[in-house]
Amino acid sequence: MNWKQPKVYAVKHRNEAVIAASRSGGIFTALSDQVLSSGGIVYGCVLTENFEAMHIRADNAEERNRMRGSKYIQSKLGDTFKNVKTDLNAQRNVLFSGTSCQVAGLKKYLGKEYDNLLCVDIVCHGVPSHKIWKAYLSWQEQQNHSKIVRVDFRNKKDFGWRDHVETVWFENGKSTSSRIFKSLFYGHTVLRPSCYECPYKSVMHPGDISIADYWRIEIAASEFDDNKGVSLVLVNNEVGARLLDKVKDNLIIKETRIEDSMQQSFKAPYPRPANREQFWADFSYKPFDYVARKYGNYGFVNNLRTFCRNIKKRIVK
């Protein structure tokens with residue numbers, strides 16, 4: 001049973017390479033390493049070669065590593081719930097990671113508590129329409145006259161943890177970085193209707209542990225603020241507390257205050273934008289270039305930002 005108030009921590013993995021490969025501070029790697037070391041199974045979201053988000057089953061670190069990083073689209077679960085139940089009934093330790101609604105859905109499907117199940121829910125901003133993501137990728141291929149071979153929703157390596165820049169790499173060797181999809185996402189017009197009424201936009205979550213980027217770390221624990229990535233960890237019950245205790249030697253960890261850690265996702269769902277209907281009318285009847293310029297800040301401002309970033313990179317080199 002979850003506590004009435006979670007315990008809150010700022011967390012960084014002690015291995016700098018793990019932090020560099022992770023979206024935030026590497027807490028997911030630490031937790032899943034513990035499960036894998038016991039012969040357990042990890043379920044989480046990966047980006048497929050077709051750039052679709054999909055939950056997979058991993059029994060080794062190599063497959064688990066594919067789950068690192070942000071995917072700002074809804075994952076396909078397929079037979080995941082069924083497979084989780086099979087593993088649990090076979091007495092395998094299982095870590096399931098997903099959004100709060102996916103964790104709640106899994107628990108509803110299972111219908112009872114399992115001592116060998118650990119649920120880690122990812123604090124979610126909201127889920128954008130898959131149509132927008134596919135249209136964005138298709139438009140990028142048209143703009144760059146080449147097939148996409150790799151995407152990064154948030155390129156921490158080149159732009160740091162705090163910034164939110166998506167980078168797309170192409171078959172012809174080119175790459176482009178922008179905030180177009182990010183602008184569409186944070187404009188909230190592309191979110192699923194259910195996200196405007198999400199019951200998990202609070203500090204209370206269905207997982208044993210909830211994880212997120214630690215925005216406001218400069219207030220909660222300024223010594224962690226190095227722009228390399230910090231995990232915000234909410235421990236929601238005794239199961240989560242025991243798991244975190246098992247991996248603490250691999251972490252730099254500090255207990256913090258929830259009052260210093262409040263994000264919009266801990267307060268209320270993002271409201272339905274007044275221009276949502278207009279956005280979808282434009283998306284349905286206008287070319288994506290129009291949508292990118294009107295809603296995605298594509299054009300002069302984005303080009304100026306790109307130019308300034310390139311100049312800064314040259315100066316640093």
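Annotation for Lys228: atom NZ does not count as buried by contact number, only 12 or fewer foreign heavy atoms lying within 6.0 Å. More than 12 heavy atoms of other shown residues, nucleotides or ligands fall within 6.0 angstrom of atom CD in Glu223. Annotation for Glu49: atom CD does not count as buried by contact number, only 12 or fewer foreign heavy atoms lying within 6.0 Å.
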* **Check against ring-ring contact (aromatic ring centres under 6.0 Å, His included), Phe153 and Trp133** => CA-CA 11 Å; Phe153 283 91; Trp133 174 239; 4.4 Å; yes
* To do: Apply side-chain contact (heavy atoms from CB on, under 4.5 Å) to His164 and Phe159, showing your working.
  => CA-CA 8 Å; His164 188 143; Phe159 302 101; over 6 Å; no
* **Steps toward ring-ring contact (aromatic ring centres under 6.0 Å, His included) verdict (Tyr72, Phe181)** => CA-CA 9 Å; Tyr72 293 101; Phe181 189 75; 7.8 Å; no
* Asked: Passes salt bridge (Lys or Arg N to Asp or Glu O under 4.0 Å), Asp33 versus Arg64? Steps please.
  -> CA-CA 9 Å; Asp33 273 344; Arg64 184 279 316 278; 2.8 Å; yes
* Determine, stepwise, if the pair Tyr298 / Asp289 fulfils side-chain contact (heavy atoms from CB on, under 4.5 Å). => CA-CA 8 Å; Tyr298 174 63; Asp289 192 79; 3.5 Å; yes
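Distance check, rounded to the nearest 0.5 Å: CE of Met67 to OG1 of Thr29 gives 10.5 Å. If you take NZ on Lys147 and CD on Glu141, they are separated by 7.5 Å, rounding to the nearest 0.5 Å.
Under the 4.5 Å side-chain contact rule for hydrophobic residues, Val127 and Met54 do not share a cluster.
A distance of 6.0 Å or more separates the ring centres of Trp215 and Phe266. Checked against the 6.0 Å centroid criterion, the rings of Tyr186 and His125 qualify as a close aromatic pair.
Salt bridge status for Asp152 with Lys157: absent, with no side-chain N to carboxylate O gap under 4.0 Å. With respect to Asp79 and Lys82, no salt bridge is recorded, no charged nitrogen being found less than 4.0 Å from a carboxylate O. Residues Arg162 and Asp225 are paired through a salt bridge, judged by an N-O separation under 4.0 Å between the basic side chain and the carboxylate. Between Lys248 and Asp245, at least one side-chain N (NZ, or NE/NH1/NH2) sits under 4.0 Å from a carboxylate O, which counts as a salt bridge. Using a 4.0 Å cut-off between charged side-chain N and carboxylate O, Arg216 and Glu259 make no salt bridge.
No donor-acceptor contact under 3.5 angstrom links the side chains of Gln143 and Thr176, judged on distance only. Checked by atom type, the side-chain pair Asn236/Ser210 shows a donor-acceptor distance below 3.5 Å.
Side chain of Lys156 to backbone of Ile19: a donor-acceptor contact under 3.5 angstrom is found. Thr99 contributes no side-chain N or O that, together with a main-chain N or O of Asp121, makes up a donor-acceptor pair within less than 3.5 Å.
Taking every heavy atom of both residues into account, Ala212 and Ser24 meet most closely at O-OG, 4.2 Å.
Between Ile211 and Ser231 the shortest side-chain heavy-atom distance does not fall below 4.5 Å.
The cationic atom of Lys12 (NZ for Lys, CZ for Arg) does not lie both less than 6.0 Å from the six-membered ring centre of Phe224 and within 45° of the ring axis. The side-chain tip of Lys112 points at the ring of Tyr114 from less than 6.0 angstrom away and within 45° of straight on.
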